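Throughout, numbering of the chain's residues begins at 1 and tracks the sequence. Keep in mind that this is a model prediction, so the values were computed, not measured.
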Amino acid sequence: MKLSFEEYYSELFGSRWSSLKEALLKDGIHAKIDSGREPYFLDPASLCAALCLPLEGKKRIADLCAAPGGKSLVTALGMDQDASLDANERSSQRKARLVSVLDQSLPQEIRERITVTCSDAAPWCRTKSECYDAILLDAPCSSERHVLLDPKYFSQWSPSRIKTLSMEQWALLSCSWRLLEPGGHILYATCALSPSENDGVVSRLKKKFEGARILTEEEVKSVFKARLDRSKSFFSSEFVDLEELFSRAEKTEFGFHLLPDRAGGTGPLFFCLIAKNETV
């Protein structure tokens, strides 16, 4: 028998599910990105995740599922002055929103180093390889917070959708791996609750590619702190201290999970930092 939404997540989270669901149903909180132009507001959990991608010394950077643009802004503001960013979005409507955000919220000297494209990134590796040294992949996912708040999407939810999405996420992550230069890094992220879309996808990468190394908790914290210290003047939140928020991230098998019942209403946001060994 097909599990209902309630049954599925009750099995995943046990007695915690009621408090987690209550937190998901509340309004989210926001941090402000302000580089001196139009401010942009996003979930502080997303900001924390984006700050875990190493950028120092990286010259060719990609954000493969970039709309609406918050994580692209965080990435662009942390780039070296001679680095470039390819921001891609497969939906033409969402791509238009991405362009608007970048145009309105970034200084011109940074905006001119960003190229925006509109395509499905999963097949990119058929025509090119090892062309980026840092990749942000915030993959399409179940987005349960949105599902709970929208009757239309709630009525369409099923466990089979999670399976379909995990296959799509795998296609994007495995392509990202092939696009990544040896010595480079991928930050894989979703706003999903299910391990099938999070650790499960990363586990598949580890099994298929010997050169995939998951960075340790201490390594990720070090990247986060360095990135935050370097560009913290751009970010602020009256609701949460970003360093304190990062300390609330729950360690999973391969990554971290910020969940709203224990992270001050932020999230959900899963993220994992993956390195491609130089010897590959």
Got more than 12 heavy atoms from elsewhere within 6.0 Å of [atom1], [X]?
X      : atom1 : answer
Asp229 : CG    : yes
Gln81  : CD    : no
Arg111 : CZ    : yes
Tyr153 : OH    : no
Lys128 : NZ    : yes
Gln156 : CD    : yes

When you measure from the side chain of [X] to the backbone of [Y], do you find a donor-acceptor pair of N or O atoms at a distance under 3.5 Å?
X      : Y      : result
Gln169 : Pro140 : yes
Gln104 : Val101 : no
Ser105 : Leu102 : no
Arg145 : Gly267 : yes
Ser46  : Leu42  : no
Asp133 : Glu181 : no
Arg60  : Ser84  : no

| query | Does the gap between the ring centers of His30 and Phe239 come in under 6.0 Å? | reply | no
| How about Tyr9 and Trp157: are their ring centres within less than 6.0 Å of each other? | yes
Student check: side-chain heavy atoms of [X] and [Y] closer than 4.5 Å:
X      : Y      : answer
Leu173 : Ile274 : yes
Asn277 : Pro182 : no
Lys59  : Met79  : no

| field | Verdict with reasoning, Asp103 to Arg37, per salt bridge (charged side-chain N to carboxylate O under 4.0 Å, His left out) | value | CA-CA 10 Å; Asp103 288 348; Arg37 300 200 66 206; over 6 Å; no
| field | CA sep, side-chain torsions, deciding dist, call: Tyr132, Asp86, side chain to side chain donor-acceptor pair (under 3.5 Å) | value | CA-CA 9 Å; Tyr132 297 108; Asp86 289 346; 2.7 Å; yes
| query | Think Lys32 forms a cation-pi with Phe235, using NZ or CZ under 6.0 Å from the six-ring centre and within 45 degrees of its axis? | reply | no
| request: Just do the side chain to side chain donor-acceptor pair (under 3.5 Å) check on Asp63 and Thr75 with the steps written out, would you? | output: CA-CA 8 Å; Asp63 185 350; Thr75 303; 5.2 Å; no
| message | Tell me whether the rings of Tyr188 and Phe270 are parallel (<30°), tilted (30 to 60°) or perpendicular (>60°). | response | perpendicular
| request: Walk me through it: do Tyr8 and Ser194 pass the test side chain to side chain donor-acceptor pair (under 3.5 Å)? | output: CA-CA 9 Å; Tyr8 184 89; Ser194 173; 3.3 Å; yes
